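Below: the structure, in structure tokens.
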Amino acid sequence: MSVPQGPTPAPVAEPHAQEPGSDKRDGRLSVCTKVCYGIGGVPNQVASSASAFYLQLFLLDVAQIPAAQVSLALFGGKVSGAIADPVAGFFINKSRRTGSGRLMPWALGCMPLIALAYFFLWFLPPFTSLRGLWYTSFYCLFQALATFFQVPYTALTMILTPSPRERDSATAYRMTMEMAGTLMGATVHGLIVSSAHGSQRCEDAVHPRSTAVSPDVARLYCIAAAVVALTYPVCGCLLCLGVKEQPETSAPASGQGLSFFTGLAITSRHAPYLKLVVSFLFISAAVQVEQSYFVLFCTHASKLHDHVQKLVLTILVSAVLSTPLWEWVLQRFGKRTSAFGICVMVPFSILLAVVPSAPVAYVVAFVSGVSIAVSLLLPWSILPDVVDDFQLRHQRGPGVETIFYSSYVFVTKLSSAVALGISTLSLESVLEQEQKHKEPGGGKRRFAGYEAGACQQAEEVVVTLKVLIGAVPTCMILIGLCILLVGPTPKTPRQDTSSQLSLRRRTSYSLA
């Protein structure tokens, strides 16, 4: 899962500035401009979706690096993405405008570098001793570069047009395209590598616990990586051709701004914000663990090898289709009521761990998609209310939104990094000494933990995967919901005074 990114607020375009693809008088954007803008966000979602579901399986079974090194790679990558968010905002805000704009060069310049980093993330190097360092380096690079793209790309919404209605429409196009990219990433990657982990592979093996990696398997992953990486230049060209960055206004914003560190010290003491951050620290980590271990669980802890691709697709389709429903629930019944939708997956995840059959797995996949959708949508619906509540209490100037969003994204990414790192470390192989009485002084070393590439894992590994897919997300979700639902909700201003701020805080969320 890529983690949600909040846009770095950019100055609003001058009300009467001429914009290619828009109406001169009211800033209306053409459908072509909106579509091209939405397409620009597709590659990141394609890559994030594929890596969220399949990277851990690739590192353990194909690259065959120890689980401890996989843990380090996943943790380092997520931390790199978290650190890159405020760093990207700082450097982009300090950069000067060029002939093609101030934000567009950052977004387009990162795309070819992200494509290369993503391809080498799935490439199997000829050496074995330093593979852990290889994948850690490229995953950190990929996550950091993806953040350096996402920050200016989402901020483009603010300067495409001065019309709030058209910004709202452009955001809807972007989110629709990103959801399509999420589906495409998991589907295309899964279809290409599906034969690498099917049950037929183990049936044809001479030794059931063989750890040999076929060259064809590595080739399939390289092909899948190349196909995904190709979306970056293709979509980047469409973004460049269809979207033109407007000149920025030089009029200073009203109100006294805050420095980042001063604002961070003030906002971190705001009670509604602390409640939101701490609650979704647990909830977002639970969703990340559920996604990351679902494929691994179906492959090694149940006889669902041949259903992996269909199950992943069920999760994503369910999440996409249920998003409009949750939007309606949010508006009709409120955010507290919709929060209970997150815990819908809890009993079904436990059921899958106890009864790992195909019918149960499909039901769990569908329900998990529904819960994932609301868990990704809800925080970005509550966060504007928290910011408005802060403004009502403190009457601060511009810059507050940036502090709230960047610190929230940083914390949620960091929580995902810790959760994935610790959980993957639990699969680390442990050497045990088994004494043989028939041969004095003799002994036999066996792996009691995860055995890379093996068709059949030890019982300890199966139990660990059941705990990671059932008990761990359940506890995290319940803790997060208890924190979220306890205490008063933030106060919000009337609609006529808050609509402009709310539209300026529109954000992106992904399912991977």
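It should be emphasised that the depicted structure is a prediction, and the values quoted were computed from it without experimental measurement.
- The SG atom of C298 sits 14.5 Å away from the OH atom of Y293 when rounded to the nearest 0.5 Å.
- Of all the heavy atoms in P43 and G40, the pair that sits closest is CD-O, 3.4 Å.
- Counting heavy atoms from C-beta on, the side chains of S137 and F120 never come closer than 4.5 Å.
- Note: F58 and Y135 have perpendicular aromatic rings, judged against thresholds of 30 and 60 degrees for the angle between ring planes.
- Heavy-atom minimum distance, S322 versus G369: OG-O, 4.1 Å.
- Residues I372 and M345 form a side-chain contact, since some pair of their non-hydrogen atoms from C-beta on lies under 4.5 Å apart.
- For P473 against A286, the heavy-atom pair with the smallest separation is O-CB, 3.8 Å.
- Residues L378 and I283 form no side-chain contact, since every pair of their non-hydrogen atoms from C-beta on lies 4.5 Å or further apart.
- Between the side chain of R174 and the backbone N or O of Y37 there is no donor-acceptor pair closer than 3.5 Å.
- With a 4.5 Å cut-off on side-chain heavy atoms, V87 and I83 count as touching.
- Side chains of F348 and S368 form no contact here, defined as non-hydrogen atoms less than 4.5 Å apart.
- Between S349 and I469, the closest heavy-atom pair is CB-O, 3.6 Å.
- Between the OG atom of S371 and the CD atom of E290 there is a distance of 9.0 Å, given to the nearest 0.5 Å.
- More than 12 heavy atoms of other residues, nucleotides or ligands lie within 6.0 Å of OH in Y362, so this atom counts as buried by the packing criterion.
- Side-chain atoms of T231 never come within 3.5 Å of backbone atoms of V227 as a donor-acceptor pair (strictly under, hydrogens ignored).
- Side-chain atoms of T314 come within 3.5 Å of backbone atoms of K310 as a donor-acceptor pair (strictly under, hydrogens ignored).
- Scanning both residues, A285 and S415, for their nearest heavy atoms gives CB-O, 4.0 Å.
- Considering only residues two or more places apart in sequence or on other chains, L313 meets the side-chain contact (heavy atoms from CB on, under 4.5 Å) condition with L183, T187, V317.
- Only one option out of M184, E178, M179 pairs with V42 in a side chain to side chain contact (heavy atoms under 4.5 Å, CB included); it is M184.
- Atoms CZ and OH, from F119 and Y232 in turn, are 14.5 Å apart once rounded to the nearest 0.5 Å.
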- Query: Given the rule in the side chain to side chain contact (heavy atoms under 4.5 Å, CB included) test, do L484 and I382 qualify, once you have shown the distances and angles that lead to the verdict?
  - Reply: CA-CA 11 Å; L484 181 65; I382 297 177; 4.2 Å; yes
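- Contact of the L352 side chain with the F297 side chain is registered, since non-hydrogen atoms from C-beta on lie closer than 4.5 Å.
- By the side-chain contact (heavy atoms from CB on, under 4.5 Å) test, A73 is found to be paired with T136, residues two or more places apart in sequence or in another chain being considered.
- For the atom pair OG (S279) and CG (L481), the distance works out to 8.0 Å, reported to the nearest 0.5 Å.
- By the 4.5 Å heavy-atom criterion applied to side chains, R131 and L124 are counted as neighbours.
- In this structure, Y273 contributes its side chain and V386 its backbone to no donor-acceptor pair below 3.5 Å.
- Ring geometry for H270 versus F390: interplanar angle over 60°, hence perpendicular rather than tilted (30 to 60°).
- Taking CZ of F280 as the start and CE of M476 as the end, the distance is 15.0 Å to the nearest 0.5 Å.
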- Message: Under the criterion side chain to side chain contact (heavy atoms under 4.5 Å, CB included), I'd like the reasoning laid out for K78 against Q288: C-alpha separation, chi angles, the key distance, then a yes or no.
- Response: CA-CA 11 Å; K78 294 293 184 179; Q288 189 70 53; 3.8 Å; yes
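- Under the salt bridge (charged side-chain N to carboxylate O under 4.0 Å, His left out) criterion, K335 pairs with D385, not counting sequence neighbours.
- When side chains are defined from C-beta on, L57 does not count as touching V193, because their heavy atoms never get closer than 4.5 Å.
- The distance from the CG atom of L121 to the CG atom of L141 is 10.0 Å, given to the nearest 0.5 Å.
- Below 30°, between 30° and 60°, or above 60°: for Y118 and F142 the angle between ring planes is between 30° and 60°, a tilted geometry.
- Considering all non-hydrogen atoms of both residues, L330 and S338 come closest at CD2-OG, 3.0 Å.
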- Task: Applying side chain to side chain contact (heavy atoms under 4.5 Å, CB included), run through L478 and F282 and close with a yes or a no.
- Result: CA-CA 9 Å; L478 294 179; F282 287 97; over 6 Å; no
- Task: Tell me, with the steps shown, if F138 and F123 meet side chain to side chain contact (heavy atoms under 4.5 Å, CB included).
- Result: CA-CA 10 Å; F138 278 106; F123 178 77; over 6 Å; no
